[in-house]
Amino acid sequence: MGKRVRLPSVYRLAHFGLDGCVAWLMCLVAFWVRFEGQIAPPHVTLAWVLPLVAIPGRLFTQTCFGLYQHVWRLFCLKDFIRLLNAVTFYSLLVITLTRLILPRLDITQTGIPLGVAVIDWSFCLMGMVVLRYARRRSVQQPFRRQATHHRRTKSVQRVLLIGAGQAGALVVQEARQNADLALEIVGFVDDDRTKVGRTVEGVKVLGTTAQLVEIAQYHGVAEALITIPSAHPDQIRRILALVNSTPLTLKILPGHAELLRDRFLTPQAREIQIQDILGRAEINLDFGEAFNAQLPSARQQIEQRTVLVTGAGGTIGSEICRQVATLRPHQILLLGRGENSIFTIEQELRRTFPDLTLQPLIADIRHRDRMTALLHQWRPEIIFHAAAHKHVPLMQQNPTEALENNAIASADLARLATEVGVKTFVMISTDKAVESSNFMGLSKRLAELLVRSFATTGTTRFLVVRFGNVLGSRGSVVPIFKAQIARGGPVTVTDAAMTRYFMTTPEASQLVIQSLAVGQSGQILVLDMGEPVNIYDLAEQMITLAGFTPGHDIPIAITGLRPGEKLHESLFNTSEQVLSTAHPKIRAASSQFPTLDSSKAIYHKLQQATQHPQYSEQELWQLAQQCRLDLEAHLIDQGSQILSSP
């Protein structure tokens, strides 16, 4: 059988027919208008021939420009520009042929008059635009009738839009076409005063953002939607301050990356999240760029490699797995002791990355024999060590757990990494390790020192990544505040002056992965997290985001500092020299680390202390502090070492 011919649809044939009629009629009308109904004898032939030629000529030209690949009912600015180019091209082609080429070939003595060409161009363009716009209106009209019916039969939400830009225009279009949304767009407010009084998609810009509350009250609006996907946190905080103590509810459209996942904007409107008012733009790190001339990019180092992630079921560990999965590793080993969390991240990755090889491993990093067997069996080339105890009050009450899990087990894992030939070992630390005043922070500081001591031997590159509080991680301040607000308060803050550094989960995991491209063996890497956030202010903002008034609807209670808790955290020790790296948003601490002999002695001392319960909490604290001081007393400079490469 021969190849089946695909015939144009009825709609396509109708488009050709309508455009052909416009091309013929407008060319004829152009002659009639130019000569006021009395066409001069030299141009009579052209007046009959050119309209007939215009039918196939314009249709062929417009087909070449792709005009008939577009849907008329969705006619938009881009389609208009394409139509303009096609109509103009054909008109210029006719002028060139009839006035320059054909006379020289003695085919004709008269070319098309310029007046006729201009009139034909303008009339033809207007006619074809009218056809398409009429089609668009004919489709929108049933939606408007349906929307009117919904307004009569069900409750309609009256909404003000903040931001009279492209996203706002799309929201208006969708609200008109999707009657199920039951939205009535009352108007816009915008910071640009030049837009006030003008209309966007037929909706008027009623005033500036500063007048938001007054405009909402005047028009009886209970909800406002921020339609600025690129809104800066300062803008959002300013708008929040305006609506504070008012019944007006605020929602926001997601950012550009979220918008790309779904063409429908209005259903994506969500409550303002704490990330929106973080005080700085979220940092996105480029895995594909190599920032160190000695090292390949993070993508190149992970691609087709076996990657082990400890604590893979936790907030940070699971996000590291998601980020690593996008870089096409050979396989990911998901290690954790909680079977439910490992099962959850494994199932998610299998759905999202069906071709990725995954190996779930249920194990406790403190079990040396089990970890030895696993590392020798699977031979990972890169290890991201995210498993740790992190809750300050709990570790203060269970200090041996903090030392065993965070310090001793991390040292064991680093030793195993050198034995099996791991190329790069990345340990995740915390700002609480800086000038630590609690067992959790002290255990992480000891882990930093013990792990980095292995940078003096073997070929494994050892890196430490240190960051502050992660927004939304399990047990962190943000979900605690959310739960307290949901219960009606009070929101508990230990001290009104307390500050903390914050970063988002993607930022934290990206920093861990990007350390591969910028880190030298033994370095501590820190993301530039801007200024620390006041926790009391954070509580007030979260209460406001929930639609309540701080101190009135939801009280804030000051509970006092807990044992081991500090008012302010730092990112570097006073003894550490802050260095720049090849990446402008990542800094490093001066790469001094203890000798391997000194770390072995401290390791055994800590191990014996945790295995003998006769130590009191105070005695164990003094012993651990002395271990830290002993390690820091044996620091050597990295400059005397040969840097390991991946």
Side-chain angles (χ1 to χ4, degrees), residues 8-9 11-40 42-140 166 169-170 173 198-202:
S9 68
Y11 287 109
R12 189 75 57 83
L13 290 175
H15 295 166
F16 280 120
L18 290 171
D19 277 350
C21 290
V22 169
W24 172 79
L25 182 61
M26 294 308 161
C27 187
L28 199 62
V29 169
F31 275 98
W32 186 83
V33 171
R34 167 61 180 80
F35 293 104
E36 299 180 357
Q38 300 295 326
I39 301 175
H43 302 293
V44 172
T45 302
L46 279 177
W48 287 105
V49 173
L50 284 182
L52 295 174
V53 173
I55 298 174
R58 287 203 181 276
L59 293 180
F60 178 77
T61 303
Q62 291 168 191
T63 300
C64 292
F65 274 77
L67 280 173
Y68 300 108
Q69 301 300 318
H70 297 282
V71 180
W72 281 23
R73 66 177 181 273
L74 301 178
F75 183 69
C76 61
L77 179 61
K78 289 185 178 180
D79 299 331
F80 170 76
I81 293 173
R82 197 180 291 263
L83 176 63
L84 174 65
N85 292 336
V87 172
T88 303
F89 177 82
Y90 177 79
S91 296
L92 292 175
L93 183 64
V94 170
I95 293 173
T96 303
L97 285 173
T98 62
R99 295 181 67 89
L100 297 178
I101 297 177
L102 296 182
R104 293 186 180 183
L105 299 176
D106 293 330
I107 296 177
T108 180
Q109 299 301 317
T110 59
I112 185 172
L114 290 178
V116 172
V118 171
I119 296 170
D120 174 51
W121 172 84
S122 59
F123 281 18
C124 190
L125 181 63
M126 285 190 294
M128 292 184 180
V129 168
V130 167
L131 285 177
R132 287 157 173 79
Y133 185 70
R135 172 59 177 158
R136 175 174 168 171
R137 294 283 293 184
S138 70
V139 173
Q140 291 179 344
Q166 185 177 9
L170 291 175
Q173 291 176 15
R198 301 166 68 183
T199 61
V200 176
E201 290 288 328

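No hydrogens, no waters, no symmetry mates; every other heavy atom, side chains included, goes into these values.
Shown here are the side-chain contact (heavy atoms from CB on, under 4.5 Å) partners of T199, two or more places apart in sequence or in another chain: K204. In this structure, the side-chain contact (heavy atoms from CB on, under 4.5 Å) partners of V53, at least two apart in sequence or on a different chain, are V49, Y90. Partners of R198 according to the side-chain hydrogen bond (donor to acceptor under 3.5 Å, both in side chains) rule, which considers only residues two or more places apart in sequence or in another chain, do not exist here. Every residue was checked against the side-chain hydrogen bond (donor to acceptor under 3.5 Å, both in side chains) condition with T61, not counting sequence neighbours, and none meets it. In this view, L92 and T88 satisfy the side-chain contact (heavy atoms from CB on, under 4.5 Å) rule, not counting sequence neighbours.
Contact of the F16 side chain with the I55 side chain is not registered, since no non-hydrogen atoms from C-beta on lie closer than 4.5 Å. Side chains of F89 and C64 form no contact here, defined as non-hydrogen atoms less than 4.5 Å apart.
Separation of atoms CZ (R34) and CD1 (I112) is listed at 11.0 Å; rounding is to 0.5 Å. Summarising the geometry, atom NE2 belonging to H15 is positioned 12.5 Å from atom CG belonging to L59; distances are rounded to the nearest 0.5 Å.
Nearest heavy atom pair, residue S91 against residue R58, reads OG-NH2, 3.1 Å. Residues M128 and V87 share a closest heavy-atom pair of SD-CG2, 4.4 Å.
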Cut-off 3.5 Å, no hydrogens considered: what does the side-chain donor-acceptor table look like for residues 18-32, sequence neighbours left out?
residue	atom	partner	partner atom	Å
D19	OD1	R132	NH1	3.2
D19	OD2	Y68	OH	2.7
D19	OD2	R132	NH2	2.8

